[in-house]
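Following: one structure in structure tokens, then a few remarks.
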Protein chains: 2
Amino acid sequence: MNTESAPHAPTATRTAKALREVLEEDIAGGVYPPGTRLDEASLARRFAVSRTPIREALIELAASGLIEIRPRRGAFVREIGIRRLIEMFEVMAELEAMCGRLAARRMTPDEHARLVAAHEACARATESGDPSAYFEANGQFHEAIYSGSGNEFLAEQARALQSRLKPYRRLQLHVRNRVGNSFQEHEAIVAAILDGDDTRTEEALRAHILIQGERFNDFVASLRPRDGAS
Amino acid sequence: MNTESAPHAPTATRTAKALREVLEEDIAGGVYPPGTRLDEASLARRFAVSRTPIREALIELAASGLIEIRPRRGAFVREIGIRRLIEMFEVMAELEAMCGRLAARRMTPDEHARLVAAHEACARATESGDPSAYFEANGQFHEAIYSGSGNEFLAEQARALQSRLKPYRRLQLHVRNRVGNSFQEHEAIVAAILDGDDTRTEEALRAHILIQGERFNDFVASLRPRDGAS
DNA sequence: TCAACGGTTTTTGTATACAAGAAAGGAGAA
DNA sequence: TTCTCCTTTCTTGTATACAAAAACCGTTGA
């Protein structure tokens, strides 16, 4: 497909794109924790540009839901409460399930090959015990299913949401034995798709994603004693 | 809920919001047909503002997928092929089905009342034969289900997509007897929700939306003899 | 001590100015 | 005539300047 609009479709200028990507990573990476105020002047100084491209990048970030722009007040890194995160995983599960159902019916032999290749990459990463390699291969695996759905709009939606959840999914791979379990779930998904069994694929994928949400939930619960969930 | 961010969550400034809404309507209404180039200077003249707020509105429109910004080339109204439109309806059907499944389980008596009220408004609009009143009441009806899902993120996604499909849904209401059929489908949906039957609600809603996509497809097919579907 | 008021300062929102790339149009050669 | 190259013009992208609103802060009064 086109390399232009991978996870994020709309990019105004090249520098705004670059700015947005750096800011995304910083927000995901905790450089700007939730609630942080992103003031335009500081960002302009940091990137050695004027406020104009900064503002444009902020608007894009707001559109993707990462920050919130309160008129005349400024841009704030959005608090994503556990509640909302679980909601997002629920929706993600449904989108992936839908992709899977369609992919089981529609994938071409070529696409099957790509899926299997990604699955084998996951296998190698699992054996070598390299979580970040697994994370990467896992991305390819799911991408194969998105594009295999034959519904490009659906695929775009799935990519966009996956991208928003990326930092949390990454975190969650550190949970005990999650990589191994994830790989086994993939195994079932691949089998169902190769069988062309849409219902089985759908259910396996939904469960696969929902488990991630639950594991994440457990993980968070083990960190803090209590939270008011927005 | 908050009146601030109804269908679209992120709005930078108040004037950018106003600009975006007008442009959205113009694009939907055919003032700017697909492929049209939106040059900043003309828009600035039209709205009697500088290019700055225009650019910000365009970036938001690009983020919502209505236009495409090609760097250094300008903003173009996006062509939405029949193919893509059907894909969008497919996804919408799934989102609504999910809302329905959750709503059937989770809606409070208050929310039930609001749903029924919207349904009755639909009934009045059907009897009076006023399509635009029906369109409005129909929006309330679906909104009741979105917010009744108890998953605010899901509700936001549903609203956003519904907003993008709005012009096409509106068009489609002119199809012979579509309003009457739509109302009957609502009837089944309300019954299923009041019964708390999640599976029945899910299926009724999915069918309700998919039919819209199909009817729209028929409608388009009846207009042009042939199309290459991008 | 605390709350309310007013002025100062900072920050956002908008307009304008400038730079650089793309499109358009014309001149010249084949 | 038609293709190519170059110049001109126009449009976008970025920087800066200005206006207005919000935040800040010290003062004053109870």
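Letters A, B, ... are given to chains in the order of the sequence lines, protein chains preceding strands, and every chain is numbered from 1.
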Point to revise | Residues A:H142, A:H208; criterion ring pair (Phe, Tyr, Trp, His ring centres under 6.0 Å); working and verdict | key: CA-CA 11 Å; A:H142 285 276; A:H208 177 57; 5.3 Å; yes

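- In this structure, B:R45 atom CZ and C:dT16 atom C1' are separated by 16 Å, rounded to whole Å.
- Atom pair B:I69:CD1 and C:dG21:C1' shows a separation of 17 Å (rounding to whole Å applied).
- Between B:R73 and D:dT11, a side-chain N or O to OP1/OP2 separation shorter than 4.0 Å is absent.
- Put simply, the side chain of B:E87 gets close to the backbone of A:F153: a donor and an acceptor are under 3.5 Å apart.
- For the side chain to side chain contact (heavy atoms under 4.5 Å, CB included) criterion with A:V31, the lone passing option out of A:T36, A:V22, A:L23, A:D26 is A:D26.
- Distance from the side chain of B:R72 is smallest for D:dG13 among the nucleotides D:dG13, C:dT14, C:dG13.
- Listed nucleotides: D:dG13, C:dG13, C:dT11. Nearest to the side chain of A:E40: C:dG13.
- Distance B:E68 CD to D:dT12 P: 15 Å, rounded to the nearest Å.
- Dashed line: the shortest gap from a side-chain N or O of A:R55 to OP1 or OP2 of C:dG13 is under 4.0 Å.
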Practice item. Check step by step if salt bridge (Lys or Arg N to Asp or Glu O under 4.0 Å) holds for A:R20 and A:E60. Key: CA-CA 7 Å; A:R20 198 195 53 200; A:E60 292 189 41; 2.7 Å; yes

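- Annotation: of the two residues near DNA chain D, A:V49 and B:L38, the 5′-most nearest-nucleotide partner is B:L38.
- Here the CZ atom belonging to B:R78 is positioned 6.0 Å from the CD atom belonging to B:E68, to the nearest 0.5 angstrom.
- With rounding to whole Å, A:R70 atom CZ is found 16 Å from C:dT11 atom P.
- Look at A:R37 and you'll find a side-chain N or O under 4.0 angstrom from OP1 or OP2 of C:dT12.
- Spacing between atom CD1 of A:I54 and atom P of C:dT12 amounts to 11 Å, rounded to whole angstrom units.
- Between the C1' atom of C:dA17 and the CZ atom of A:R51 lies a distance of 16 Å, rounded to the nearest Å.
- Note on A:S50: a side-chain N or O is less than 4.0 Å away from OP1 or OP2 of D:dA15.
- Summary of the strand contacts: B:A75 and A:T52 both lie near DNA chain D, and taking for each the nucleotide with the nearest heavy atom, the more 5' one is attributed to B:A75.
- Between the P atom of C:dA15 and the CZ atom of B:F47 lies a distance of 13 Å, rounded to the nearest Å.
- To the nearest angstrom, P of D:dA15 lies 10 Å from CD of A:E56.
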